[in-house]
Amino acid sequence: MPHDLPKAYDPTAIEDHWAEYWVRENLFAQPTPKADDPHRGEPFTILLPPPNVTGRLHMGHMLNQTEMDILTRWRRMSGRRALWVPGTDHAGIATQMMVERQLAEEGTSRQQLGRKAFEERVWAWKRHYGGAILDQMKRLGVSVDWSREYFTMDEHLSVAVREAFVRLYEQGLIYRGAYIVNWCPRCQTAISDLEVVHDEHKGHLWEIRYPVISPAGGSSSDQFITVATTRPETMLGDTAVAIHPEDERYKHLHGKKLRLPLMNREIPIILDEWVSREFGTGAVKVTPAHDPNDFALGQRHHLSSINVMDETAHINAEGGPYAGLDRFVARKKIVADLEEQGLLAGIKDHVHNVGHCDRCKTVVEPRLSAQWFLAVNKEPEGGGPSIAAKAIAAVKEEKIRFTPEMYKKTYLNWMENIYDWCISRQLWWGHRIPAWHCAVCRKITVARVDPTHCAHCNSEQITQETDVLDTWFSSGLLPVSVFNWPNLSGAPGLPPRREIWDSKADRADFDAFYPTSLLVTGFDILFFWVARMIMLGCWFASDVPMPDGSPRSLADSVPFREVYIHALVRDANREKMSKTKGNVIDPIEIVKQYGTDAVRFTLASMASPGTDIAFNVARTEGYRAFANKIWNAARFIFMNVDKAAEAGIFPHRELLRGMPATDEDAPLEAQWIVSELWATAARVNQSLEQYRFDDAANAIYQFIWGSFCDWYLEITKLRLEFGEETNKAAATRDLTVLVQVFEASLRLLSPFMPFLTEELWHAVYDGKPPAKSIALAKYPFEDESMIDANAVGAMEVVQELITGVRALRKEIGVEEKATVPIEVRTDATSRKIAEKNRDIIERLARVSEVLFTDQITVGLSKHSTPAFDVAVLYERKIDVEAEREKKTKEIAKQEQLIANADRQLSNSAFLAKAPPHIVAGLKKQRDEAQRLLDKLRDDLDSLSG
RNA sequence: GGGCGGUUAGCUCAGUUGGUUAGAGCGCCUGCCUUACAAGCAGGAAGUCGGGGGUUCGAGUCCCUCACUGCCCA
């Protein structure tokens, strides 16, 4: 690759190319290990939380994927056998809604199409639009194994779903029954508790009089019992009124009956301790078909359940005169009618929580219907812990570790209070429940292979259940199903997923990659998905023997060993991004503007565990500048490499791939930057180990900009003069360190900024790199013994001297370009360092001459540190007043410091109890402050004089 | 109602088992087109660590309390 890079970094010019290259070259494919495979490192397995096929990439995805990509690239480069599996979710309701909307625009509906045609239509939609989000991911350069891409309704995943369902059914853990479920009248399906979002809502509490039937029977007496309700329309389905048995107010009514207003139905008064005497009137109407508590009451008291609404929440035939009305229309009419009949005792304002459908925000109607449930707290047939018990144990016993740790509590709290999971949905898009109803004996046949006869009466009059499974049932199985469970022994009937497989190897993936190493996701799907994977993963994996045939422990049954929960991406004002607010940042747009690398770096540098990210493009601008900085550092380096080549000097390229080291002859800046590189590598590795993306990113940023560019590159300009009298050996050595450190820095940065580093890395190798991609090169590792404290200490002296001179120059108004002589007074050690590195000081501080002295010339403005005094020989043009003020302020600060130190040092308790190094440190600090204070006082005196 | 977080510079955030003078980026002020980079360089200003109390030789860090704020569950 030619070294003539454009002056400004243009991400768009290179990113598409590399994104396409990584996919085309299949660089991140992790093939199924063969038995005779050479050892390829400990696996690092991670599943992509599958986006909905209907999805478009949003900032949350980008954060999630950036974090996973950083970790995966880092682990891969560090020698792990990294596998990242991508895929998409069929997303039952979301996708069905999308296609239904399309149909509506065409003036038709799924009902008109019929089930089969509708399913075809959704598949067609999926084929056409379903890959959009994956294409966006490809553009982001995520290092997934595209050869393993799945869709949750792929054949082999459907087999897993079916096997799981059948097995759970056989274990007595799946049952069907009529229960109160959350019903969405718009989606016309049951939804799980998790899919209901509660909103505070200002409503009313209506008090209704139910007439007591007189002992004589027949017409009502003038006695009433008053009940309160927020949903008066449900009274059409009332089958009782309940009171507390000890409630004195109603003792005289025990055993009496009531006449249900409007419906003229006789209903009993029942006694139940569940009733709260304090709430409302202490009497509650009981509608078993439309309220979960009432349903429980109904069960206890053998009441009938009258469902008064249809699936669209219109009153049905059971609602008598109100039949056909929408529930809210019926509510108004019922209230009006009651009022007319004098049965409305009152209306009170009432704030209560109303459940809405997570998907379409329609008010959810609790409704009695026949659904399928997974019994999570029940022992399976044959005994053993329940599904929830296993899922609790896995986390309690730390077989799964959460970061941040607090989510462990959240998870356990939820899992310990979990109810049975309603897994059926009245949709057409999804995994159809493998159960058949017999028209003859009414029993259910559940089977792995579509049956032709009823398993109970052998009748042929069987029809398949029309419901499909909750989407999360299939995604909850992914950790096992993507590795070919349950087809682990080459069972017939299942085609191999990929050509490189043979039937004997069917379980090779599972053996190699299960449990996965890590799950990275947002807390919003902690219960929906994470918890379900733990439940189902532990449940089914524990039945899979280990490769050696031994039973699998809980520790090896978990779907993942670690969970990293990331934050929410908000807008710059910390507001949640939402379409209605119009503050949504489209990652693709922002990527176009600033480059993928800059956006990734922004997210990484702000991804401190547990803190939401307020995404601010100002940060991204800064990281685009960072990319540009690196780009230009590369231009500078290449320019010099070319210049050196003309003089017949070439860096030792064979030394490039490892970690640089220097010998004692090397110049200070070389020893120092190499030491800093090792220190940074150590810090980055440690930070990533703890998911501290922010720490890792900041460490690299500081190293590359603050150390490498600002200091090292500036100093190397001294060494990069290639002429006749150049010492070739020294020049070669220095040039080698320069290229070496840069090359290693690119590798260090690569997981964070894969595009830029890929481009420059290829350029470093002149287009002939030792691997197809920097992502396959070795990650800088840590070896703290390589950190050179002497070099760091010496460099610090040089830096402080330079910084001191620069500040002084500014203070006394030396023009930028002018070079000036300086006086330095210091101890022997520092003097030796300064003398040896005189050329560095002269160049970086624009100094013409360094004069060492025992006493700074009187009258010069000087800069003092505990270690040295430095002064610039220049006609001073200083503002005496400002200078005096500054010194006074500094003196006060040092005095305060000394006072504080003295107070502590005279405290015998401190001396006795504080560790010695703290005491020694404080003494040293006090002495230094004292020395500085003396100097400052002298300065102030001379200013006055 | 139950539970879990957060409050540190103008803004967005770091700050490890309590330990020597609390950091970064952006923004702000001053001066520089110093031959890699003005998307740059150099210098600088800026914080009673939400209030109060306590533990400790020592608290941004631990405990209590109040205030404000966010989220989850019911």
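Atoms considered below: every heavy atom in the structure, side chains included; atoms not considered: hydrogens, waters and symmetry mates. Chain identifiers are assigned alphabetically (A, B, ...) following the order of the sequence lines, protein sequences preceding nucleic acid strands; residue numbering begins at 1 within each chain. What you are looking at is a predicted structure, and each value in this text was computed from that prediction instead of being measured.
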> Tyr594(A) has an atom OH; how far is it from atom P of rA39(B), in whole Å?
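Rounding to the nearest Å, OH of Tyr594(A) and P of rA39(B) are 13 Å apart.
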
> Closest to the Ile918(A) side chain: rG19(B), rC4(B), rA24(B)?
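For the Ile918(A) side chain, the nearest candidate turns out to be rG19(B).
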
> Taking only the P atom of each, what is the distance from rC11(B) to rG54(B) in whole angstrom?
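Each nucleotide's P atom is 31 Å from the other's.
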
> Please find out if less than 6.0 Å separates the ring center of Tyr623(A) from that of Tyr594(A).
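No, the ring centres sit 6.0 Å or more apart.
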
> If we take the P atom in both rC49(B) and rU61(B), what is their distance in whole Å?
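rC49(B) and rU61(B) have their P atoms separated by 10 Å.
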
> Please work out whether the ring planes of Phe402(A) and Tyr411(A) are parallel, tilted or perpendicular, with thresholds of 30° and 60°.
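Because their plane-to-plane angle lies in the 30° to 60° range, the rings of Phe402(A) and Tyr411(A) count as tilted.
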
> In whole Å, measure the gap between the C1' atoms of rU17(B) and rA59(B) for me.
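Their C1' atoms lie roughly 14 Å apart.
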
> Specify the closest pair of heavy atoms between Ser707(A) and Glu676(A), including all atoms of both residues, with the distance to one decimal.
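Answer, listing the atom of Ser707(A) first, then Glu676(A): OG-OE1, 3.7 Å.
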
> Taking the minimum atom-to-atom distance to the side chain of Arg846(A), which one of rU21(B), rU34(B), rG40(B) wins?
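Closest of the options to the side chain of Arg846(A): rU34(B).
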
> If only side-chain N and O atoms of Arg806(A) are considered, is one of them under 4.0 Å from the OP1 or OP2 phosphate oxygen of rG43(B)?
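So the side-chain polar atoms of Arg806(A) do come within 4.0 Å of the phosphate oxygens OP1 or OP2 of rG43(B), strictly under.
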
> Taking both distances under 3.5 Å as the test for a Watson-Crick or G-U pair, what stems of at least three pairs does RNA chain B have?
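Expected stems, ordered by start: B:1-7 with B:67-73, B:10-13 with B:23-26, B:28-32 with B:40-44, B:50-54 with B:62-66.
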
> Please determine whether any donor N or O and acceptor N or O are separated by less than 3.5 Å between the side chain of Lys629(A) and the base of rC37(B).
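Side chain to base: pair present.
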
> Consider the side chain of Ala807(A), meaning its heavy atoms from C-beta on, and name the nucleotide among rC33(B), rG44(B), rU12(B) that approaches it most closely.
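Comparing rC33(B), rG44(B), rU12(B) against the side chain of Ala807(A), the answer is rG44(B).
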
> Please state whether the rings of Phe626(A) and Phe601(A) are parallel, tilted or perpendicular, taking 30° and 60° as the class boundaries.
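Taking Phe601(A) first and then Phe626(A), their aromatic rings sit tilted (interplane angle of 30° to 60°).
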
> Is there a donor-acceptor pair under 3.5 Å between the side chain of Asn632(A) and the backbone N or O of Asn628(A)?
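Present.
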
> Counting only side-chain nitrogens and oxygens, does Lys409(A) get under 4.0 Å of the OP1 or OP2 atom of rC72(B)?
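Answer no for this pair, as no side-chain N or O of Lys409(A) is under 4.0 Å from OP1 or OP2.
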
> Over all strands shown, is Tyr407(A) touching base, sugar-phosphate only, or nothing at heavy-atom distances under 4.0 angstrom?
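The residue Tyr407(A) makes no contact with any strand.
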
> Which whole number of Å gives the distance between the C1' atom of rA22(B) and that of rU16(B)?
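Nearest-Å result for rA22(B) against rU16(B) at atom C1': 14 Å.
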
> With a 4.0 Å cut-off on heavy atoms, is Ala914(A) in touch with a base, just the backbone sugar-phosphate, or nothing at all?
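The answer is base, as Ala914(A) lies within the cut-off (heavy atoms under 4.0 Å) of a base atom.
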
> With nearest nucleotides of RNA chain B determined for Gly622(A) and Phe636(A) from heavy-atom distances, which residue corresponds to the more 5′ nucleotide?
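Residue closer to the 5' terminus by nearest nucleotide: Gly622(A).
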
> Could you tell me whether the side chain of Asp291(A) and the main chain of Asp294(A) form a donor-acceptor pair under 3.5 Å?
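Yes, Asp291(A) side chain to Asp294(A) backbone: donor-acceptor pair under 3.5 Å.
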
> Look at all strands and tell whether Ala633(A) reaches a base, only sugar-phosphate, or nothing, counting heavy atoms closer than 4.0 Å.
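Base contact.
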
> Return no unless some side-chain N or O of Lys717(A) is found under 4.0 Å from OP1 or OP2 of rU35(B).
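Looking at the OP1 and OP2 atoms of rU35(B), neither is under 4.0 Å from any side-chain N or O of Lys717(A).
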
> Return yes if some donor-acceptor pair links the side-chain N/O of Arg683(A) with the main-chain N/O of Ala696(A) below 3.5 Å, else return no.
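Between the backbone of Ala696(A) and the side chain of Arg683(A) there is no qualifying donor-acceptor contact (under 3.5 Å).
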
> Looking across every strand, which nucleic acid part, if any, lies under 4.0 Å from Asn413(A) by heavy atom: base, sugar-phosphate, or nothing?
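Result for Asn413(A) = nothing.
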
> Measure from the side chain of Phe523(A), starting at C-beta and using heavy atoms only, and say which of rC72(B), rA39(B), rC37(B) lies closest.
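For the Phe523(A) side chain, the nearest candidate turns out to be rC72(B).
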
> Please report, rounded to the nearest Å, how far the P atom of rA39(B) is from the CZ atom of Arg619(A).
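Taking CZ of Arg619(A) and P of rA39(B), I get 20 Å after rounding.
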
> For the C1' atoms, the ones on rG19(B) and on rG6(B), what distance do you get once it is rounded to whole angstrom?
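Straight-line distance between the two C1' atoms is 26 Å.
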
> For atom C1', what is the distance between rG44(B) and rU8(B), given to the nearest Å?
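Roughly 22 Å separates the two C1' atoms.
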
> Please give, in whole Å, the distance from rG31(B) P to Glu815(A) CD?
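One finds 14 Å between P of rG31(B) and CD of Glu815(A), rounded.
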
> Would you call Glu816(A) and Arg846(A) a salt bridge, using N to O less than 4.0 angstrom?
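No, this pair does not count.
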
> Start at the 5' end of RNA chain B and walk down; is the nucleotide closest to Ala920(A) or to Glu714(A) reached first?
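Checking each residue's closest nucleotide, the 5'-ward one belongs to Ala920(A).
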
> Donor-acceptor pair, distance only, cut-off 3.5 Å: does the side chain of Ser605(A) make one with the backbone of Thr602(A)?
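The answer is yes, because a donor-acceptor pair under 3.5 Å joins these two groups.
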
> If you measure from the P atom in rG50(B) to the same atom in rG31(B), how many Å do you get, rounded?
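After rounding to an integer number of Å, I get 36 Å for this pair.
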
> Heavy atoms from C-beta onward define the side chain here; which of rC73(B), rG40(B), rU12(B) lies closest to that of Met606(A)?
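Of all the options, the side chain of Met606(A) is nearest to rU12(B).
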
> Give the rounded distance in Å between these two atoms: CG of Leu526(A) and P of rC4(B).
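The answer, rounded to whole Å, is 16 Å.
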
> Classify Thr803(A) by what it touches in the nucleic acid, base, sugar-phosphate, or nothing, heavy-atom distance under 4.0 Å.
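It contacts sugar-phosphate atoms only.
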
> Select one nucleotide: of rU34(B), rC72(B), rU21(B), the one nearest the side-chain heavy atoms of Leu922(A).
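The listed nucleotide nearest to Leu922(A)'s side chain is rU21(B).
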
> May I ask you to decide if the ring planes of Phe708(A) and Phe742(A) are parallel, tilted or perpendicular, using 30° and 60° as cut-offs?
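Taking Phe742(A) first and then Phe708(A), their aromatic rings lie parallel (interplane angle under 30°).
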
> Nearest whole Å is fine: how far is rG58(B) C1' from Lys923(A) NZ?
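That distance rounds to 16 Å.
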
> What is the distance from CG of Asp927(A) to C1' of rU20(B), rounded to the nearest Å?
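Result: 12 Å.
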
> Could you tell me whether Asn417(A) contacts a base, only the sugar-phosphate backbone, or nothing, with contacts defined as non-hydrogen atoms closer than 4.0 Å?
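The residue Asn417(A) makes no contact with any strand.
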
> Above 12 or not: heavy atoms from other molecules or residues under 6.0 Å from NZ of Lys717(A)?
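Correct, the count exceeds 12.
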
> Taking the minimum atom-to-atom distance to the side chain of Gln925(A), which one of rA36(B), rU21(B), rC32(B) wins?
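Minimum distance to the Gln925(A) side chain belongs to rU21(B).
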
> How would you label the contact of Lys924(A) with the nucleic acid (heavy atoms, under 4.0 Å): base, sugar-phosphate, or nothing?
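Counting heavy atoms under 4.0 Å across all strands, no contact is made by Lys924(A).
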
> Arg692(A) near the nucleic acid: base, sugar-phosphate alone, or nothing, with a heavy-atom cut-off under 4.0 Å?
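Result for Arg692(A) = sugar-phosphate.
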
> Expressed in angstrom and rounded to an integer, what is the separation of Glu405(A) atom CD from rU17(B) atom C1'?
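Roughly 14 Å, once rounded to whole Å.
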
> Under 4.0 Å from OP1 or OP2 of rC41(B): is there any side-chain N or O of Trp705(A) that close?
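Yes.
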
> To the nearest Å, give me how far apart CD (Glu416(A)) and C1' (rG2(B)) are.
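It is 15 Å, rounded to the nearest whole Å.
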
> Expressed in whole Å, how much space separates the C1' atoms belonging to rA36(B) and rU21(B)?
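It works out to 36 Å between them.
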
